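Below: the structure, in structure tokens.
Letters A, B, ... are given to chains in the order of the sequence lines, protein chains preceding strands, and every chain is numbered from 1. For clarity, every value in this text was computed on a predicted model and none was experimentally measured.
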Amino acid sequence: QKEVEQNSGPLSVPEGAIASLNCTYSDRGSQSFFWYRQYSGKSPELIMSIYSNGDKEDGRFTAQLNKASQYVSLLIRDSQPSDSATYLCAVTSYDKVIFGPGTSLSVIP
Amino acid sequence: GAVVSQHPSRVICKSGTSVKIECRSLDFQATTMFWYRQFPKKSLMLMATSNEGSKATYEQGVEKDKFLINHASLTLSTLTVTSAHPEDSSFYICSANDRGLNQPQHFGDGTRLSIL
């Protein structure tokens with residue numbers, strides 16, 4: 001069974017701090033990696049996608065991928081209360097997308 | 001951008017009722033759509049892959065006779081929860097994209113199903 005794991009949290013950070021979210025996956029053949037944000041009662045929305053080793057930055061968000069370690073992370077700089085949500089790591093595995101259990105982030109004003 | 005529409009957004013019905021949920025790709029054709037179920041404070045669990053013009057592929061543990069999937073056109077997939085019971089109450093979400101599995105999925109807004 002292909003798996004994606006995340007710390008469930010909750011992760012609490014003060015406003016303006018850096019939030020660091022981590023994800024590991026079991027399928028070495030995975031090619032595509034995504035971070036989604038999900039507010040309570042809503043469907044997920046895409047934050048970042050990353051396909052090659054290294055860092056990818058988009059505004060306050062930076063995704064990091066290390067395929068050798070089967071590890072992908074998301075950094076949120078200058079965290080805002082509006083960033084409070086559950087962050088889902090998703091990984092493609094053969095013919096489907098596997099989601100991690102999500103990390104709940106709370107940004108404290 | 002690509003949009004996926006899901007309807008209805010909320011259903012409340014009695015036990016034993018069958019409920020149909022629609023998932024439409026509004027501005028692209030989707031040969032494949034995915035159906036997920038999400039329980040409170042849990043992650044998305046893939047239920048099945050809906051394939052246009054052929055049978056759906058169900059994940060292990062998902063009853064295909066309970067959760068009927070029909071993907072009769074390139075823009076519409078339906079999930080029917082047959083003879084629903086309270087344990088079927090959940091948040092059901094569909095997704096699709098127009099550029100293959102290695103590109104991000106576009107999600108519908110989800111359907112909150114409550115069985116009394």
Quick one: pull up [atom1] in [X] and [atom2] in [Y] and give me the separation to the nearest 0.5 Å.
{"X": "A/Y36", "Y": "B/S95", "atom1": "OH", "atom2": "OG", "value": "7.0 Å"}
{"X": "B/Q105", "Y": "A/S49", "atom1": "CD", "atom2": "OG", "value": "12.0 Å"}
{"X": "A/L46", "Y": "B/Q103", "atom1": "CG", "atom2": "CD", "value": "10.0 Å"}
{"X": "B/T32", "Y": "A/D95", "atom1": "OG1", "atom2": "CG", "value": "9.0 Å"}

Heavy-atom count check: over 12 atoms from other residues, nucleotides or ligands less than 6.0 Å from [X] [atom1]?
{"X": "A/K56", "atom1": "NZ", "answer": "yes"}
{"X": "A/K42", "atom1": "NZ", "answer": "no"}
{"X": "A/Y94", "atom1": "OH", "answer": "no"}
{"X": "B/D109", "atom1": "CG", "answer": "no"}
{"X": "B/K66", "atom1": "NZ", "answer": "yes"}

Which atoms of A/Y51 are under 4.5 Å from chain B, going by heavy atoms: the side chain, the backbone, both sets, or neither?
side chain

Toward chain B, the part of A/K96 with a non-hydrogen atom under 4.5 Å:
both

When only pairs under 4.5 Å are counted, which of B/G108, B/S9, B/P40, B/S43 shares the most heavy-atom pairs with chain A?
B/S43

Would you name the heavy atoms of [X] and [Y] that are closest together and state the gap between them?
{"X": "B/P104", "Y": "A/F34", "answer": "N-CE2, 3.5 Å"}
{"X": "B/F91", "Y": "A/Q38", "answer": "CE2-NE2, 4.3 Å"}
{"X": "B/I93", "Y": "A/S43", "answer": "CG2-CB, 4.1 Å"}

Could you pull out all residues at least two apart from B/E52 that satisfy salt bridge (Lys or Arg N to Asp or Glu O under 4.0 Å)?
none

With the 4.5 Å side-chain cut-off for hydrophobic clustering, are A/L65 and A/I98 part of the same group?
yes

Could you see if A/V91 belongs to whatever hydrophobic cluster contains A/L21? Use Ile, Leu, Val, Met, Phe, Trp, Tyr and a side-chain cutoff under 4.5 Å.
yes

What I'd like to find out is whether the side chain of A/V97 reaches to under 4.5 Å of the side chain of B/L46, using heavy atoms alone.
no

